[in-house]
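Step one of this worksheet: look at the structure below.
Since this is a predicted model, take the numbers as computed values, not measurements.
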Amino acid sequence: EAEVAQSPRYKITEKSQAVAFWCDPISGHATLYWYRQILGQGPELLVQFQDESVVDDSQLPKDRFSAERLKGVDSTLKIQPAELGDSAMYLCASSPVFRAEGTDTQYFGPGTRLTVL
Amino acid sequence: AQTVTQSQPEMSVQEAETVTLSCTYDTSESDYYLFWYKQPPSRQMILVIRQEAYKQQNATENRFSVNFQKAAKSFSLKISDSQLGDAAMYFCAPSSNTGKLIFGQGTTLQVKP
């Protein structure tokens, strides 16, 4: 069964350092999402891509966060510089073409657990 | 803005019994979907069940079913014949008109043997 891949699974960094996370969606999925999940809370959307275009990045802290999906397949989320408050789980999800075939179902990867010291 | 309320931070159920997790939401959109996701201690988010808002019939998936009350904006999840593997955090999540999911705070379900 196809899955969303993410790496690394765990990342420990010191504040002010740069970190990057990678996501490879299910093959053929046009829509890709990055969510941030603080421990004990529900995930919140950071950025949504449709192919290589950004659909929604309204909650992305653009002074330190950036995201790209250059060829409309895999995606990278970067934080520079990292802050203590960035410690969280970063989840990637993908879904087929938006609203095609009547489904919005998103499939999640295992996440990257970030700890900022 | 869309909001989601899961009023039960923690729930407990005896193995083989039935439990219902509640969820209410607020949206101004007319076309949307609602989801329940499960996140076991390993932390991977797994789809439990999906409901199209335009459908009046409640969705079912094996031991999982929903009670969808569109006018009341209520979307509860019923788990029948609870199993130890059902222990997890459960999230209610309606989708927005762009497809993003709006998650509640979650309900931690404990299943007692």
Would you find more than 12 non-hydrogen atoms of other residues, nucleotides or ligands less than 6.0 Å from Lys78(B) atom NZ? no

Taking atom CD as the centre, does Gln59(A) end up with more than 12 heavy-atom neighbours from other residues, nucleotides or ligands that are less than 6.0 angstrom away? no

Quick check on Glu52(A): does its CD atom have over 12 non-hydrogen neighbours (other residues, nucleotides or ligands) under 6.0 Å away? yes

Is it true that atom CD of Glu3(A) has more than 12 heavy atoms of other residues, nucleotides or ligands lying nearer than 6.0 Å? no

Can you tell me how far OH of Tyr107(A) sits from CD1 of Ile46(B), rounded to the nearest 0.5 angstrom? 13.0 Å

Shortest non-hydrogen contact from Thr98(B) toward Gln48(A): O-NE2, 2.8 Å

Does the pair Phe91(B) and Gln37(A) meet the rule for a side-chain contact (heavy atoms from CB on, under 4.5 Å), with working shown? CA-CA 12 Å; Phe91(B) 291 98; Gln37(A) 184 180 22; 3.5 Å; yes

Report yes or no: does Glu44(A) contribute a side-chain atom to a donor-acceptor pair with the main-chain N or O of Phe103(B) at less than 3.5 Å? no

Got a sec: does the NZ of Lys78(A) have more than 12 other heavy atoms crowding it under 6.0 Å? no

Under 4.5 Å from any heavy atom of chain A, what part of Leu101(B) do you find: side chain, backbone, both or neither? both

Going by heavy atoms in the side chains, are Gln106(A) and Ser95(B) under 4.5 Å from each other? no

If you count heavy atoms of other groups shown closer than 6.0 angstrom to NZ of Lys62(A), is the number above 12? yes

Could you state whether Met11(B) and Leu84(B) fall into the same hydrophobic cluster, counting links through intermediate Ile, Leu, Val, Met, Phe, Trp or Tyr residues with side-chain heavy atoms under 4.5 angstrom apart? yes

Distance from Lys100(B) atom NZ to Ser58(A) atom OG, nearest 0.5 Å? 5.0 Å

Okay, side chain of Gln44(B), backbone of Phe108(A): is any donor-acceptor separation there less than 3.5 Å? yes

If you measure from CG on Leu45(A) to OG on Ser96(B), what distance do you get to the nearest 0.5 Å? 8.0 Å

